Number of protein chains: 2
Amino acid sequence: MRLVIARCSVDYMGRLTAHLPMAPRLILIKADGSVSVHADDRAYKPLNWMSPPCKLREETIDGVLTWSVVHSKSGEKLVLTIEEVLHDYSHELGVDPGLRKDGVEAHLQELLAEHITTLGDGWTLIRREYMTAIGPVDILCRDELGGTVAVEIKRRGEIDGVEQLTRYLELLNRDPRLAPVKGIFAAQEIRPQARVLAADRGIDCVILDYDALRGIERTDTLF
Amino acid sequence: MRLVIARCSVDYMGRLTAHLPMAPRLILIKADGSVSVHADDRAYKPLNWMSPPCKLREETIDGVLTWSVVHSKSGEKLVLTIEEVLHDYSHELGVDPGLRKDGVEAHLQELLAEHITTLGDGWTLIRREYMTAIGPVDILCRDELGGTVAVEIKRRGEIDGVEQLTRYLELLNRDPRLAPVKGIFAAQEIRPQARVLAADRGIDCVILDYDALRGIERTDTLF
DNA sequence: CGATGTATGTCGAGT
DNA sequence: ACTCGACGTACATCG
């Protein structure tokens, strides 16, 4: 990891063309080869950057220090013209042990599958990740009358999730062993427009309470 | 802008729960209040971060240095436990003059509207951003036989773009002054699955050559 | 303020 | 290697 603070101008020629006029900025060079140019705002997003794999070449042209970063595959190019280096510090960090995450969609799916009766008394799970030609349906189950139900789970329910479930339902309903298949769109939060579209398609909406589902799971292991 | 390299462990409690075990990392504190924790890889993306507006509080609990960053609106929390500070440097950068960009979707739409015959000889523009109840169609035009054509433009053509165009077509075809309306899905690059779905819906796909379109525009102003 | 569409999205998983 | 969907997506624009 190398940290350079310098007055520089930057030109990016790649998926788009962009230019940054001369100003003091942080240039961050990571061990994976990536280069990013940060201002003192915009949260963690750099003004400009190059992702690995790429190569940095330092050269002096007519007395002007220039750093050229070229992407090894696409040929995208980032050119930094350095006017003045204000700080330059390098430090070896080593490989990071990595991040452990909890609480994403996969977990929601797991929890709902284990507690499928959340959707209704007498409901039973057929299986999680039920495979179809166009991809896996999150949950396939039966309601209390034995009717097939396909459940699409999202953290936030938006229109494209309803479209996705619609495509699954269309396919599943071609299978005479399953048809008729009802749809349930389940999410922690469902956008009004998605709700309207779902209603129009005859799909039921269910709000999932993540904490409550997790609570069922952990009633025996509370602090 | 403050750059700290330190051995630290990190806990995030917010939209999800995450933990980073103790290891040396870069902690980047910007003037806008944002805090990000970087490893020596993963391009520009931090392992963990807090976006502004947020507040950083440094305190020592039982001899352990702790930085708590709390988001001012959502209450999300990032806690850094610092074991050893290896480098600590601050520098005022001032306000950045900002980035100038070229080459996005709006420009593609403009260019295609101006050169609608790219789609076919004798084609004519009805209008850009043709308004419907569910939103504006990118381009509405007539083919050489006077038939109405709705064009959806994307930089990258994916399934949801086809869905969007399908909804527009359904609506436009209810207008007897326009019907029948054909659909064209135009993009610099179209995903195979999007292409299949489009074919199934009777929608034509067109690949847009941004450089060529821009070339028509600039033949008189070359370097 | 919510809804919508773009992004140099990035990232990871599956094929 | 490529495709696809999720993301603590973030972000701007528009109603």
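Naming convention: chains lettered A, B, ... in sequence-line order (proteins, then strands); numbering from 1 in each chain. Source: prediction; values computed, not measured.
- Whole-Å rounding puts the B:Arg42 CZ to D:dG8 P distance at 13 Å.
- Atom-to-atom, NZ of B:Lys154 to P of C:dG9 comes out at 14 Å; the value is rounded to the nearest Å.
- B:Arg177 has a carboxylate O that lies under 4.0 Å from a charged side-chain N of B:Asp175, or vice versa, which qualifies the two as a salt bridge.
- Contact check on A:Asp96 versus B:Arg25 returns a salt bridge, with a Lys/Arg side-chain nitrogen under 4.0 Å from an Asp/Glu carboxylate oxygen.
- Residue B:Glu189 is the one, among B:Glu189 and B:Met50, whose nearest nucleotide of DNA chain D lies closer to the 5' end (criterion: closest heavy atom).
- A close approach under 4.0 Å does occur between a side-chain nitrogen or oxygen of B:Arg155 and OP1 or OP2 of C:dA7.
- The heavy-atom pair separating A:Pro53 from A:His71 by the smallest distance is O-CD2, 3.4 Å.
- When the side-chain nitrogen and oxygen atoms of A:Gln164 are compared with OP1 and OP2 of D:dG5, none of them lie within a distance under 4.0 Å.
- The separation of C:dG5 from D:dG8, taken at their P atoms, amounts to 23 Å, rounded to a whole angstrom.
- Put simply, B:Ser51 has no side-chain N or O that comes within less than 4.0 Å of OP1 or OP2 on D:dA10.
- Contact check on A:Asp32 versus B:Arg42 returns no salt bridge, with no Lys/Arg side-chain nitrogen under 4.0 Å from an Asp/Glu carboxylate oxygen.
- Stem regions for DNA chain C, each three or more consecutive Watson-Crick or G-U pairs with both distances under 3.5 Å and listed by first number, read C:1-7 with D:9-15, C:9-15 with D:1-7.
- Interatomic distance, A:Ile184 CD1 to A:Trp123 CH2, rounded to the nearest 0.5 Å: 3.5 Å.
- Contact between the side-chain N/O atoms of A:Lys45 and the OP1/OP2 oxygens of C:dG9 is not found at any separation under 4.0 Å.
- Sequence order on DNA chain D of the closest nucleotides to A:Arg156 and A:Glu152 puts A:Glu152 first from the 5' end.
- Residue B:Tyr44 is classed as a sugar-phosphate contact, given heavy-atom separations below 4.0 Å to backbone atoms only.
- OP1 and OP2 of C:dG9 both lie 4.0 Å or more from every side-chain N or O belonging to A:Trp49.
- The side chain of B:Arg15 places an N or O atom within less than 4.0 Å of a non-bridging phosphate oxygen (OP1 or OP2) of D:dA10.
- Between B:Arg201 and B:Glu152 there is no salt bridge, since no side-chain N of the basic residue sits under 4.0 Å from a carboxylate O of the acidic one.
- Pairs engaging residues 14-47 of chain A under the ring pair (Phe, Tyr, Trp, His ring centres under 6.0 Å) rule: A:Tyr44-B:Trp49 [sequence neighbours left out].
- Both A:Met131 and A:Tyr12 sit near DNA chain C, but only A:Tyr12 has its closest nucleotide nearer the 5' end.
- Annotation: C:dA7 and D:dA6 have their C1' atoms spaced 15 Å apart (nearest Å).
- Closest contact between the side chain of B:Arg191 and the listed nucleotides C:dT8, D:dT3, D:dG8 involves D:dT3.
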